[in-house]
Amino acid sequence: LRNRHICILGASGGGKSYAIQCILAELCRQEIASLIVDYTEGFKESMLEEKIKQFTREQIIMNDPKSQLPINPFKRQLIQYSKDFSGEESYEALSERVTNVFSSVYPTMGDQQTALLKQAIADGVEENPNFSMANLLDEILDTPKRYQYFTNSIANSICSKINSFARRDFFTNSITEETNKMGWPFIFSKDLAPHLINIFQLSGLTPDTRYLLTGFILWDLWHYSQSNNHTQKDIKYIVLDEIQNLKPASDGLPIKKYLKEGRKLGIALISATQTINEFGSSSSIVSDLMQSATKLIFKPSDSEVKSFS
């Protein structure tokens, strides 16, 4: 399988973001769509080169209270278990997937909090096919009433962590004509060529909210590609600039899956970072990033020269 991953290394101001824009413009000329998940504010409209703007679609501004992503983290994904057999993931697998995103962003979430959150999500999805983030807080608070080994204090502590994110509800379950214009088939469609660069703009949001949204976006795209039997011919480029900023939540993100297994689904990752030391010497993500077929190295900082080499 062809390795299309690109890793760009270099100090701040070295031209990484400009290089990404040039690469995406060339992909547009080949009618290949791309998605930038902009959690660094490096791709706000004011930051884009004038020539690149002719290739971009209208940005999805998630700081706009009216903006919602047409994805549902609580949707049971179709899993291809073998060539001839597929089925919906279990309620337990779904709850663990969603809980892992939350626990990676909130590392102080203990074992009891994690267990209660998993139980609340599994029960909520099983009881309500239209379960959404807006229902999650009530479900968490109701869980101790059904299970005596969970306490109200545990439920309250979880709600205090995720309250603002859950109440905003960045996702919509109903795919209307309007919201469908942001769905994966539309985003990676060639119909609007050459406007094939899509940007999910997360500026103005708290770091925790950016991490959570990035996690849910990346997981949903992974399962969309998987459930639709995408192959290496269904090329889609995903941009994660300053990827070291995702380090606090990296355990809950499918970055390693993208790098190691994404090729068979047509997923190509364009990652950029000014530091790999921040991941730690034992981080397996660094070795996976270095497996990218194409590596562009700009002038690194003095402290990173040895690491880059």
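Excluded from the calculations below are hydrogen atoms, water molecules and symmetry mates; all remaining heavy atoms, backbone and side chain alike, are included. These numbers come from a predicted model, not from an experiment.
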Donor-acceptor pairs under 3.5 angstrom involving side-chain atoms of residues 6-17: please list them, not counting sequence neighbours.
| from | atom 1 | to | atom 2 | distance (Å) |
| --- | --- | --- | --- | --- |
| K16 | NZ | G10 | O | 3.0 |
| K16 | NZ | A11 | O | 3.1 |
| S17 | OG | D241 | OD2 | 2.9 |

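The salt bridge (Lys or Arg N to Asp or Glu O under 4.0 Å) pairs that include a residue from residues 140-155 are D123-R146, E139-R146, D142-K145, where partners are two or more places apart or lie in different chains.
Put simply, the side chain of E26 never gets that close to the backbone of I23: no donor and acceptor are under 3.5 Å apart. Looking at T231, its side chain does come within 3.5 Å of a backbone N or O of K233 through a donor-acceptor pair. For S67 (side chain) and I61 (main-chain N/O), a donor-acceptor pair under 3.5 Å exists by modelled atom type. Looking at N156, its side chain does come within 3.5 Å of a backbone N or O of N152 through a donor-acceptor pair. Checking side-chain atoms of Q68 against main-chain N and O of F171 turns up a donor-acceptor pair under 3.5 Å. Formation of a donor-acceptor pair under 3.5 Å by the R4 side chain with backbone atoms of A268 is not found in this model. Looking at E127, its side chain never comes within 3.5 Å of a backbone N or O of A122 through a donor-acceptor pair. Not a single donor-acceptor pair under 3.5 Å links the side chain of T209 to the backbone N or O of L205. Under the 3.5 Å distance criterion, the side-chain polar atoms of E89 are matched with a main-chain donor or acceptor of Q77.
Annotation: Y224 is in aromatic contact with H230 [ring centroid separation under 6.0 Å]. Taking the six-membered ring for Trp, F170 and F165 have ring centres closer than 6.0 Å.
Taking both residues in full, the closest heavy atoms of L196 and K190 are given as CD2-CA, 4.0 Å, listed atom of the first, atom of the second, then distance. Of all the heavy atoms in L269 and H5, the pair that sits closest is N-ND1, 3.0 Å.
W219 and L94 fall within the same hydrophobic cluster, where Ile, Leu, Val, Met, Phe, Trp and Tyr residues are linked whenever their side-chain heavy atoms come under 4.5 Å apart, directly or through other members. Criterion: ILVMFWY side-chain heavy atoms under 4.5 Å apart, direct or through other members. Under it, L137 and V105 are part of a common hydrophobic cluster. Note on F55: it clusters hydrophobically with I32, by side-chain heavy-atom contacts below 4.5 Å among ILVMFWY residues.
With hydrogens and angles left out, the side-chain atoms of S157 and S160 include no donor and acceptor closer than 3.5 Å. Residues D191 and S189 have side chains that bring a donor and an acceptor to within less than 3.5 angstrom of each other.
Taking the six-membered ring where tryptophan is involved, the planes of F150 and Y147 are perpendicular, since the angle between them exceeds 60° and thus also 30°. In this pair, F200 and W184 present their aromatic rings tilted. The plane angle is within the 30 to 60° band.
Under the rule for a side-chain contact (heavy atoms from CB on, under 4.5 Å), the partners of Y18 that lie at least two apart in sequence or sit in another chain are C22, E49.
Counted within 6.0 Å of NZ on K118, heavy atoms from surrounding residues, nucleotides or ligands total more than 12; the atom is thus considered enclosed. Counting heavy-atom neighbours within 6.0 Å of D111 CG, excluding the residue itself, gives a total of 12 or less.
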